[in-house]
Amino acid sequence: PRCPFHTAVEEGIEVRQSGMGVGLGAFASEMYSLRESEASPIVFKKGDVVCEYRGYVMDEAQFCRRYPPNEKAEYAFQISRNPFIIIDSRDSTAGVARYINEPAKKNPSNAEFVKHPGCPEVKRVLCKAKRDILIGEEILARYGSNKEYYSTMGKV
C-alpha cells in the first residue's frame, strides 16, 4: 500500500470524487506524466496496463460467509462463474482498481479488464487502456454482464 502521492507518481492514478456522481473514481495522474523527460498529456497509451485488480481471492463459500444475502459486495470483482472465484478488495489497501467506475450505457469505456497472462487459472485481472488516456481523465471500464462477460473477457 502506498500513500495517495506515491500512487499518483508511481502508478499514475489519483483517487478522487467521480464526475459520474457515484462516489470515488480513479483518474489518470498528471504527476505520473511529469516523470518523463518530455511532459505529455498522455498518461497511459493504448495497450498499457493501467493497474491490477488486487484483493483477496475467494471461492463461493468464503464469499457467502463474508457477505450475507442483504449486504452489497461493493468492491468484489467476479472473475469466474464455474468455478466461482471473486477478488474482494473491501479490506485491501493494495489496489486502486476498485475505484474504476463503469461508464453510462451509451458512453464508451477507455479501459478494459483482462486476464493476467501469467495466470492461466484466471486468479488475477489487469486493467488495460483501450485507447490513450489523458491527464485528469477518469478511468472507466465495463464490468460486463453475467450472461456474456466472463466467457469473453480477453487476454492481454
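These numbers were taken from a predicted model, which means no experiment stands behind them. Keep in mind that the numbers below use all heavy atoms, side chains included, and drop hydrogens, waters and symmetry copies.
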Enquirer: Kindly compute the distance separating OG (Ser89) from OH (Tyr99), expressed to the nearest 0.5 Å.
Expert: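 Taking OG in Ser89 and OH in Tyr99, the distance rounds to 8.0 Å.
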Enquirer: Roughly how far apart are Glu102 CD and Arg142 CZ, rounded to 0.5 Å?
Expert: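 Here the interatomic distance stands at 5.5 Å.
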Enquirer: State, to 0.1 Å, how close Val57 and Gln62 come at their nearest heavy-atom pair, and which atoms those are.
Expert: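 Heavy atoms of Val57 and Gln62 come nearest at O-OE1, 4.0 Å.
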Enquirer: Could you pull out the closest heavy-atom pair between Val96 and Ala26, with the gap in Å?
Expert: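 Here Val96 and Ala26 meet closest at O-CB, 4.3 Å.
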Enquirer: Under the criterion side chain to side chain contact (heavy atoms under 4.5 Å, CB included), I'd like the reasoning laid out for Cys51 against Ile139: C-alpha separation, chi angles, the key distance, then a yes or no.
Expert: CA-CA 11 Å; Cys51 58; Ile139 299 163; over 6 Å; no
Enquirer: Can you name the side-chain hydrogen bond (donor to acceptor under 3.5 Å, both in side chains) partners of Asn110, sequence neighbours left out?
Expert: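 side-chain hydrogen bond (donor to acceptor under 3.5 Å, both in side chains) check on Asn110 returns Glu137.
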Enquirer: Check side-chain contact (heavy atoms from CB on, under 4.5 Å) between Arg16 and all other residues, then give those that pass, not counting sequence neighbours.
Expert: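 With neighbours one apart ignored, the set is Glu14, Phe27.
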Enquirer: Only counting residues at least two apart or in another chain, list the ones meeting side-chain contact (heavy atoms from CB on, under 4.5 Å) with Lys45.
Expert: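 Result, side-chain contact (heavy atoms from CB on, under 4.5 Å) vs Lys45: Ile42, Asp48, Asp132.
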Enquirer: Working to the nearest 0.5 angstrom, can you tell me the gap between Met58 CE and Ile86 CD1?
Expert: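 The CE atom of Met58 sits 8.5 Å away from the CD1 atom of Ile86.
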Enquirer: Considering residues at least two apart in sequence or located in another chain, which fulfil the side-chain contact (heavy atoms from CB on, under 4.5 Å) criterion with Ala104?
Expert: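 Here the qualifying residues are Asn107.
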Enquirer: Tracing side-chain links under 4.5 Å among I, L, V, M, F, W and Y, which residues wind up in one group with Leu140?
Expert: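 Met20, Val22, which link up through side-chain heavy atoms under 4.5 Å apart, make up the rest of the cluster.
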Enquirer: Under the rule for ring-ring contact (aromatic ring centres under 6.0 Å, His included), what residues qualify as partners of Tyr53, not counting sequence neighbours?
Expert: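 So Tyr53 forms a ring-ring contact (aromatic ring centres under 6.0 Å, His included) with Phe77.
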Enquirer: Identify the heavy atoms of Ile87 and Arg54 that sit nearest to each other, and give their distance.
Expert: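 Heavy atoms only, the tightest pair is CG2-C, 3.9 Å.
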Enquirer: Is any side-chain heavy atom of Tyr56 closer than 4.5 Å to one of Arg66?
Expert: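 Arg66 vs Tyr56: side chains touch.
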Enquirer: How close do Ser109 and Lys130 get, heavy atom to heavy atom, and via which atoms?
Expert: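 Nearest heavy atoms, Ser109 then Lys130: OG-NZ, 3.1 Å.
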Enquirer: Going by side-chain contact (heavy atoms from CB on, under 4.5 Å), name the residues that satisfy it together with Ala129, two or more places apart in sequence or in a different chain.
Expert: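 Testing Ala129 for side-chain contact (heavy atoms from CB on, under 4.5 Å), a comparison that skips the adjacent residues, returns Phe44, Val50, Ile133.
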Enquirer: Begin with the C-alpha distance, continue with both residues' side-chain angles, and end with the deciding distance and a verdict on side chain to side chain contact (heavy atoms under 4.5 Å, CB included) for Phe63 and Gln78.
Expert: CA-CA 10 Å; Phe63 180 77; Gln78 184 177 3; over 6 Å; no
Enquirer: Checking Tyr67 now: which residues fulfil side-chain hydrogen bond (donor to acceptor under 3.5 Å, both in side chains) with it, not counting sequence neighbours?
Expert: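 For Tyr67 the side-chain hydrogen bond (donor to acceptor under 3.5 Å, both in side chains) partners, ignoring immediate neighbours, are Asp88.
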Enquirer: In Å and rounded to the nearest 0.5 Å, what is the SG to CD distance from Cys127 to Glu112?
Expert: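 Rounded to the nearest 0.5 Å, the SG-CD separation comes out at 8.0 Å.
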